[in-house]
There are 2 protein chains.
Amino acid sequence: MTKCGDMTGPVTMQSVAKAAGVSPMTVSNTFKYPERVQEETRRRVREVAAELGYIPNHAAGNLASGQSRVIGAVIPSIKNSSFYKYVRGMQDAAAEDGYELVLKLADTKRHETAAIRTFIGLRVAGLTLVGKEHEDQAVDLLRKTGVPVVETWVHGDPLDMAVGYSSAAATRAMVDHLVAVGCRRIGFVGYAGDVAGRYTERLPAFEQRMSEHGLAPDLCHLADEADGFGAGPKALEALCRMDMSIDALLCPTDIVAAGVLFECGRRGWKVPERLAVAGWGDYEIASEISPQLTTVQPNAYEMGRGAIEMVIARASGLEPEDSVRNTGFEVVARASTDNAGSDAA
Amino acid sequence: MTKCGDMTGPVTMQSVAKAAGVSPMTVSNTFKYPERVQEETRRRVREVAAELGYIPNHAAGNLASGQSRVIGAVIPSIKNSSFYKYVRGMQDAAAEDGYELVLKLADTKRHETAAIRTFIGLRVAGLTLVGKEHEDQAVDLLRKTGVPVVETWVHGDPLDMAVGYSSAAATRAMVDHLVAVGCRRIGFVGYAGDVAGRYTERLPAFEQRMSEHGLAPDLCHLADEADGFGAGPKALEALCRMDMSIDALLCPTDIVAAGVLFECGRRGWKVPERLAVAGWGDYEIASEISPQLTTVQPNAYEMGRGAIEMVIARASGLEPEDSVRNTGFEVVARASTDNAGSDAA
DNA sequence: CTCTGCCATTGTAGCGCTACAAAATCAAAA
DNA sequence: TTTTGATTTTGTAGCGCTACAATGGCAGAG
């Protein structure tokens, strides 16, 4: 910590300027507005900077300019592959416009609020959240500071901006699919958790659509985890206790569905003949497990891209064309529901 | 953007001070050194700050104090659950000491270097990396700036500090286990990728240990992805082409091993009778899939905690007791290798 | 040879905060 | 009452950078 003489204190713009024989402003311009600096000068400054290992102090720049090239993303979990494409989309879109994406994990709403606080403390250019349910305190903060914020994986009714798809619409589509392949006693597995925002729409949609088909929406079970394989067997058991004639199961994620598949294997149940199983999310496992899983494919990559594009648009001052963007979804029909009811009533 | 009058410009320490009728320094102390401020004053400041939605500008604080409460973690992927416990460990340890953890994803060494650059630009208190292979440029930067940095998931020979376990030791332990349950023609699946640091030790260790057991280490295959289910079938096919009498397979991750299990199912091969399969990482799927997977359990949570503890120790000026910490591992024997060789030679 | 206009470069001031030292306050001791 | 010492509060200066205005240099026009 005692700097010998002053040979190698922290490298600042000042020291680069001195070493390159120019003023600090020229160094600043070299990095921020290269076109303002003559080719030759620019080259020399870059060289010296690299030599010294100079990296501009973002904190100081942020303070001076009031601007930031960092976008914060709060994600609820990395426990499964669901968010991989989403984050990739954000990453790619950010990089294209010269922004940096940093992540914070928050598996409860309380942690989400803390993460938002941290990001605002960092004075990020904007941030993305998952879901539309947040603590009042967080909403308050977001409102007061006015940072650009996009809610993702949901559709409509945004705090500021939103991008995603309608879980209700996807639920209806999946019910239609199961009915179309012959299922009648369809079970529903929901998730009753803390970051439940993007799950809460599903149960009402399920109940309504089942009724519209003239079917009873009575086989519902709320799991206390959405991501674990373990939730599958538990849910199946609970629903079987309600009615052994259950012939299809709509799961909150592919992971839960995979858990159900494993359990069916243990029970010697054939899928989809005895039980059709549908997942959600189009995780990698969905297409690798046997039988392959029917699932909802949420266009996660596009969603990530869209979120960042909206943040950047707002951060650049221009109002984005649309403050709500729908990236849609697709029901991918695979073997786990194929001709499920062929031997049923 | 036109502030009407000046009623609600950005909330600064200044404005909080004015509103609370104290000096800015008192506001600063209220947040940074609460014990220096009288109970009553502190309460009032806190109240006003909350009212106004004030969040201290970390950039300004960082600049003024030269200190940061943010730690950056570069992680290679969130494609699977492998890093979940690791990140949780980091998160928990950071929170306990009042630090913030922010993540950046980097799936190539080039991206890793960019992430390091970003974090240094943010002047984080320290950072954690995964693996011990980095671009020269990154190493150079790390050296020149002297930020505290911990390499994780590896053991020994650190740039600055390291925490993890020996992949070589784990490989040897797994070979011993497979031999003990009767396997003789053991196949090895490696990973030849960009962030291969923590994989490169395994093949030599495998070859050496096999030889020590008097077995031929000739059934080796390098996959081009470590995380995908798809790598499993490919590897199995490649190795079968080399020798159909293969009776065990050591995979780089549980995901690959699960892929192998799926493929065995398609082929009608019994596991472990026809082929014993071992994974690596103790992912959730390992204990849920059928048969359950034998795997290497890497104490990821403890590793994460250790990494952050070391970063904080160094950032606080005190030299950590040990610059290399071994968090060990455990071979978890499960059904996928149980009595594998009972009917073999 | 001077003047205008244009470009590259350079001062100046200040972003919001904190370290440090100085000042104010107040209770207890002299 | 004055003094002392501890506690609480407050100026001052400056962290490293960038916006902005101002400077200098230099070509071509007058």
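Within every chain, numbering begins at 1; the chains are lettered A, B, ... in the order of the sequence lines, protein sequences first and strands thereafter.
One interatomic measurement links the two molecules: CE of A/Met13 to P of D/dC15, which rounds to 13 Å at whole-angstrom precision. One atom, CD1 of A/Ile120, and another, P of C/dG16, lie 16 Å apart when rounded to the nearest Å. Separating the CD atom of B/Gln67 from the P atom of D/dG16 is a distance of 14 Å, rounded to the nearest angstrom. Between the C1' atom of D/dT7 and the CD atom of B/Glu39 lies a distance of 15 Å, rounded to the nearest Å. The nearest whole Å value for the distance from the CG atom in B/Leu63 to the P atom in C/dA19 is 12 Å. Distance B/Phe31 CZ to D/dT9 P: 15 Å, rounded to the nearest Å. The nearest whole Å value for the distance from the CG atom in B/Asn62 to the C1' atom in D/dC15 is 10 Å. B/Arg69 places its CZ atom 14 Å from the C1' atom of C/dT18, with the value rounded to the nearest Å.
Across all non-hydrogen atoms, the minimal contact from A/Ala59 to B/Asn62 is CB-ND2, 4.0 Å. Heavy-atom minimum distance, B/Asp92 versus B/Arg305: CB-NH1, 3.8 Å. Taking both residues in full, the closest heavy atoms of A/Val48 and A/Ala19 are given as CG1-CB, 3.6 Å, listed atom of the first, atom of the second, then distance. Here the closest non-hydrogen pair linking B/Leu101 and B/Ala73 is CD1-CB, 4.1 Å. Taking all atoms of both residues into account, the shortest heavy-atom contact from B/Leu159 to B/Glu151 is N-OE1, 2.7 Å.
Judged by closest nucleotide on DNA chain D, B/Val37 is the one of B/Val37 and B/Ser65 placed further toward the 5' end.
The shortest distance between the side-chain N/O atoms of A/Lys32 and the OP1/OP2 oxygens of D/dC17 is not below 4.0 Å. Contact annotation: A/Tyr33 reaches the phosphate of D/dA19 (side-chain N/O to OP1 or OP2, under 4.0 Å). At C/dC7, none of the side-chain N or O atoms of A/Gln38 fall inside 4.0 Å of OP1 or OP2 (strictly under the cut-off).
Two residues are said to be in side-chain contact when any heavy atoms from C-beta on lie closer than 4.5 Å; A/Val11 and B/Lys144 fail this criterion. Taking the side chain as every heavy atom from C-beta outward, B/Val22 and B/Arg44 approach each other to under 4.5 Å. At a threshold of 4.5 Å between non-hydrogen side-chain atoms, the residues B/Thr152 and B/Met90 do not count as touching.
Among the atoms of the strands shown, only primed sugar atoms or phosphate atoms (P, OP1, OP2) are found under 4.0 Å from some heavy atom of A/Gly61.
Of the residues in residues 40-55 of chain A, those placing a heavy atom less than 4.0 Å from an atom of DNA chain C are A/Thr41, in numerical order. Residues of residues 16-30 of chain A having a heavy atom closer than 4.0 Å to DNA chain D, listed by number: A/Met25, A/Ser28.
B/Leu63 is linked by a side-chain contact (heavy atoms from CB on, under 4.5 Å) to A/Asn57, A/Ala60, A/Leu63, counting only residues two or more places apart in sequence or in another chain.
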